[in-house]
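One structure is given below, encoded as structure tokens.
Please read all numbers here as calculations on a predicted model, not as lab measurements.
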Amino acid sequence: MTEWIALSGAEAGCGPGCETDPLPRGSLLIGLSRPVADPTVVMELRMEGGRAGLSVMVDPALGIGVIARAGSTMRRHWLAGPLPAGLKGGVTLNLSWDMAQGRWSLAAEGGGSGARATGTDPLPPPPGLGAALADAAQTPGAFHPAVLWWGLSRGIWRNPPGAALGPDTLVATPGGYVPLGRLRPGDRVLTLDQGAQPLAALYRHAAPHRAALAPVRLRAGHFPIPRDMLAGPQTRLLFDGAAVEYLFGTEEVLAAAGDITDRLVAQRLRTGTASTLICPVTERPALILCDGVAVLSGAVNPALPAPRPCLRPYETAALLPDRPMAAELAPGLAA
């Protein structure tokens, strides 16, 4: 499970141990409020009196570059451009490294689009990176105005492979509803189309309460759920109803929780630091029944198609045009 040891906006900005602990495996995330139009340095860190540092540059045509310095050693990590045209507001940059494996990755995601590069021979981040980030937040010019937030994690941050739900979410099993946090790989859960299916894996991660990665609270009373449900923004929920058939010519569609947060029915968590979410994974994509609704699981093979059409963000906006629920979440299993 990832652990946020430094996160912008958090109290003191830097968690315990971040000033001295090395990070042999971790991620640095930078959230941008908008794509940059011209070559821009979005972050410039100087450490150890200038003997170490980290710079991140974004160029829509050439790509994204990271330069890491430690004494006389320098590494350049590069995500070659041109960047996808679909990268729009809410872009998240993710630099990750694993010293034991000798690997690094650099990714940019936003607006339903993304790009990623990987390589070998990463430069170990210098001790005190978290403290340097917290100090830089108070230094004029260290971050470009487009930077909304930043975070440093112990452990590699990855977007969930499917649904990501709070540990207290009740999941339908052959023996009744069980909190997601009590399930283990191999336990069987009930699905809408495939009956009881074993869980291949369960991934825990700490979802930061920041911008596009912030969890979503689905409000009871607006959805057919007995209590508020906490979900990751990429959790896809099953919708049906007359509006779905009229707009999309099919009886059921899947919509991401993060795309329905402009109304009171679902709200992103903006205060606090992070929430623990759990990602249930099945062999194939399946609609798991949770708290009376159906959500799309992660899959061992993510290339397999989803069992229902997945709406794009602009399509979800059309689904809920005038009032909190112009369509309905398809019911799962009655409690």
Side-chain angles (χ1 to χ4, degrees), residues 1-34 36 39-59 64-79 90-99 104-108 122-157 205-214 269-275:
M1 177 174 168
T2 53
E3 173 194 1
W4 294 101
I5 61 173
L7 193 63
S8 62
E11 275 188 48
C14 185
C18 74
E19 294 192 17
T20 57
D21 286 358
L23 276 179
R25 190 170 185 268
S27 295
L28 171 63
L29 273 67
I30 301 174
L32 304 179
S33 60
R34 61 184 186 276
V36 296
T40 303
V41 176
V42 297
M43 188 189 77
E44 179 72 41
L45 286 184
R46 296 182 180 180
M47 306 170 59
E48 301 177 9
R51 294 187 298 274
L54 193 67
S55 302
V56 180
M57 186 197 77
V58 178
D59 184 322
I64 300 170
V66 177
I67 299 177
R69 305 181 303 279
S72 60
T73 305
M74 180 179 293
R75 296 285 189 277
R76 293 180 176 88
H77 303 331
W78 193 257
L79 170 59
V91 176
T92 303
L93 309 181
N94 182 347
L95 171 65
S96 297
W97 59 89
D98 188 327
M99 303 309 300
W104 61 266
S105 66
L106 181 57
L123 177 71
L129 178 57
L133 284 162
D135 291 343
Q138 311 302 320
T139 303
F143 291 96
H144 188 271
V147 175
L148 275 178
W149 70 280
W150 52 263
L152 179 68
S153 71
R154 180 179 288 112
I156 292 178
W157 166 269
H205 77 133
H209 298 180
R210 300 295 184 271
L213 302 186
L269 301 187
R270 299 299 191 188
T271 59
T273 303
S275 295

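- Residue L269 holds its CG atom at 11.0 Å from CZ of R210, rounded to the nearest 0.5 Å.
- Atom CG of L23 sits about 8.0 Å away from atom OG of S153, to the nearest 0.5 Å.
- Ring geometry, H77 versus W104: the interplanar angle falls under 30°, so the pair is classed parallel (tilted spans 30 to 60°).
- Under the 4.5 Å side-chain criterion, counting only non-hydrogen atoms from C-beta, L93 is not in contact with L79.
- With values rounded to the nearest 0.5 angstrom, R46 atom CZ is found 7.0 Å from R69 atom CZ.
- Atom CG of residue L95 and atom CG of residue L28 lie 6.0 Å apart, to the nearest 0.5 angstrom.
- Once rounded to the nearest 0.5 Å, the distance linking OG1 of T271 with NE2 of H209 reads 7.5 Å.
- Note that NE2 of H205 and CD of E3 are 15.0 Å apart. Values are rounded to the nearest 0.5 Å.
- Here the closest non-hydrogen pair linking W149 and P208 is CH2-CG, 4.2 Å.
- Side chains of N94 and T92: no donor on one and acceptor on the other come within 3.5 Å.
- Among V41, V56, L133, the single residue meeting the side chain to side chain contact (heavy atoms under 4.5 Å, CB included) criterion with F143 is L133.
- The shortest side-chain heavy-atom distance between P122 and M99 falls under the 4.5 Å cut-off.
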